[in-house]
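These values consider heavy atoms only, across backbone and side chains, with no hydrogens, waters or symmetry-generated copies. Small disclaimer: the values here were computed from a predicted structure and weren't measured. Residue numbers start from 1 in every chain, and the chains themselves are labelled A, B, ... in the order their sequence lines are given, proteins ahead of strands.
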Number of protein chains: 2
Amino acid sequence: MKMKVKIKNKKEVSPERLSKRIKISPKNRNGLERLLKCQAKRGLKYSKKRAAIIEYFIKADRHYTVEQLYNEIKEIVPNIGYSTIYRTLRLLVDCGMARTHHFGETDTRFELVHKEQHHDHLVCEKCGRIIEFTNNGIEKFQNAVAKEHNFLVKNRELQIFGVCKRCQQRKR
Amino acid sequence: MKMKVKIKNKKEVSPERLSKRIKISPKNRNGLERLLKCQAKRGLKYSKKRAAIIEYFIKADRHYTVEQLYNEIKEIVPNIGYSTIYRTLRLLVDCGMARTHHFGETDTRFELVHKEQHHDHLVCEKCGRIIEFTNNGIEKFQNAVAKEHNFLVKNRELQIFGVCKRCQQRKR
DNA sequence: ATTAATAATGAAAATGAAAGTCAAGATCAA
DNA sequence: TTGATCTTGACTTTCATTTTCATTATTAAT
C-alpha cells in the first residue's frame, strides 16, 4: 500500500542547475533566486517555454502588456499560447519579480522588479512611452501627508500623464 | 416632404427647470451647470431615474464602483438596471462632473468632481477606505521632474496605499 | 534509460466588467 | 394630444483574463 505524499515535503530544485538554464545577467540574479525559491516551494518544474519568456522579459526590461509580450515571444517560441504568457507573468508577480500597473489603459502592464529604489512613471499620452524616474523629494512629502493622517504607508503609485519631449517636437 | 433635422440645432433645455428637478446643494451648482450644458448639447432629455442616480451620487460624494452604486440605488429606485448606472456615470464623466480611478482593483471607481484643487488619495488596504488629501508640495516636485525630462504635464494620479488610522488601532 | 508521478502546455470554454442593441415606455415642444 | 426622439431594462456583445482539460514534458527514483 502506498502513502499519500503531501505537497509539503518538496525538495528544493538546485538553483545552480536552473540558473544554468535560464540565462540571466548578474543584476537580476537575486530576482532569479526568488523565482527559484518560489518554484521550489510550489513544486513547479522547469520548462523551456517559461524560461524563454522569463529570459526575454528580463532582457527587454520594458513595461509590457500581455499582448505585446505575446507578439514578440511567439517569433522566438512558435506555438506559444496566450495562456502561458499570462501564467508566467502571474508567476513572476507572485514571486515578486514583476509588478503590475494600469497607466490609464484597460490592459495591465507588467514591469520587471530589479531596481532598489522606488520609482514612478511619466506616461506620454501621444506615443505611449513610459519614462521611469526617481526623486527623493516625494518621499518627504509622502511621509508628511501620512503622518498628518496617521496613515501607515505600505506603497505608492504615482503617474504623471502628459506629452513627452519627442512628441512635443514633432508638432501635431 | 420632410427635412432631416440634424442634431445640430437643438434648443437648450432651460437650466432653471432642470435644476428644480435635480435637487443639488449650492456647492455643486457649477457641476450641475456643466451637466445641463452637456445634456443640452447632446439633446438629452430629463429622466427621473438619471436624476435620482445623479442626486444620490452627488449627495453621497464617495468613490463608488458601479456595483456599489447599483446596490444602493436599487433600494431607492426599484427596477433600476445595471446599464443605467453605467450610462449615467459615463455621462457624468463625459461632462466633467465625475472622474474615474483604479485603486489597484479591477473595478473602476467614480468620484464626484467638485473641488477646485487637484487632490490625491490614501487607500486603506484593510478596510478599503479612501481618504482624499491635497498638498501643494507635490506640485513643485512634479514640475521639477517634468522639467528635467522636458515633459509637458497634463495630469497626474497619486495613490498612497497602506493602513488607515482606524485599522491600525483595531489591531489584527 | 525506463518509469511513474505530476507539472506545463495550448485550445477552448468560462468569467467578469463594460459597452452596445433594441423594443417598449417616457419626455418634450408645439 | 401628438409625433419625434430620448431613456430604460433586458439582453447580447466585446474584450481582457482565468480556468479547464486532454496531451505532452519534466523529474526523481528506479
S.K.: Whole angstrom is fine here: how far is it from CG in A:Leu91 over to C1' in D:dT18?
M.R.: 15 Å

S.K.: Among C:dA8, D:dT27, D:dT7, which nucleotide sits nearest the side chain of A:Tyr46?
M.R.: D:dT27

S.K.: OP1 or OP2 of D:dT17 sitting under 4.0 Å from any side-chain N/O of A:Thr108?
M.R.: yes

S.K.: Would you say the side chains of B:Glu111 and B:His63 form a donor-acceptor pair under 3.5 Å?
M.R.: yes

S.K.: Side chains of B:Tyr82 and B:Glu67: any donor to acceptor distance under 3.5 Å?
M.R.: no

S.K.: A:His101 and A:Thr108: side-chain donor and acceptor closer than 3.5 Å?
M.R.: no

S.K.: Separation of B:Leu44 atom CG from C:dA26 atom C1', in whole Å?
M.R.: 14 Å

S.K.: What I want to check is whether an N or O donor and acceptor connect the side chain of B:Lys49 with the base of D:dT7 at under 3.5 Å.
M.R.: no

S.K.: Could you work out which one of D:dA16, C:dA17, C:dT9 sits closest to the side chain of A:Asp107?
M.R.: D:dA16

S.K.: Closest to the A:Arg90 side chain: C:dA19, C:dA7, D:dT18?
M.R.: D:dT18

S.K.: I need the residues from residues 71-83 of chain B with at least one non-hydrogen atom less than 4.0 Å from DNA chain D; give them sorted by number, or say none.
M.R.: B:Asn79, B:Ile80, B:Gly81, B:Ser83

S.K.: Round to a whole Å and report the spacing from CG of A:Leu89 to P of D:dA16.
M.R.: 15 Å

S.K.: Between D:dT7, D:dT26, C:dT9, spot the one nearest the side chain of A:Lys45, thanks.
M.R.: D:dT26

S.K.: D:dT17 C1' sits how many Å from A:Glu105 CD, rounded?
M.R.: 16 Å

S.K.: If you count the non-hydrogen atoms of other residues, nucleotides and ligands that lie under 6.0 Å from NZ in B:Lys140, is the total more than 12?
M.R.: no

S.K.: B:Val123, B:Tyr64: one ILVMFWY side-chain cluster at the under-4.5 Å cut-off?
M.R.: no

S.K.: Name all pairs fulfilling the salt bridge (charged side-chain N to carboxylate O under 4.0 Å, His left out) condition that reach into residues 141-157 of chain B, sequence neighbours left out, sorted by first residue then second.
M.R.: B:Asp120-B:Arg156, B:Glu139-B:Arg156

S.K.: Can you tell me how far C1' of D:dT5 sits from CZ of B:Arg42, to the nearest Å?
M.R.: 16 Å

S.K.: Do the side-chain N or O atoms of B:Arg50 get closer than 4.0 angstrom to the phosphate oxygens (OP1, OP2) of D:dT7?
M.R.: yes

S.K.: Counting only side-chain heavy atoms from C-beta out, which of C:dT9, D:dT8, C:dA7 sits nearest to A:Arg87?
M.R.: C:dT9

S.K.: Distance check needed: D:dT7 P versus B:Ile85 CD1, whole Å only.
M.R.: 15 Å

S.K.: Of the nucleotides D:dT19, C:dT27, C:dA8, which has the atom closest to the B:Lys48 side chain?
M.R.: C:dT27

S.K.: Roughly, in whole Å, what's the span from NE2 in A:His102 to P in C:dA18?
M.R.: 11 Å

S.K.: For B:Tyr86 and D:dT8, what is the distance between atoms OH and C1' respectively, to the nearest whole Å?
M.R.: 17 Å

S.K.: If I compare all heavy atoms of B:Gln168 with all of A:Asn150, which pair ends up nearest, and what's the gap?
M.R.: NE2-O, 2.7 Å

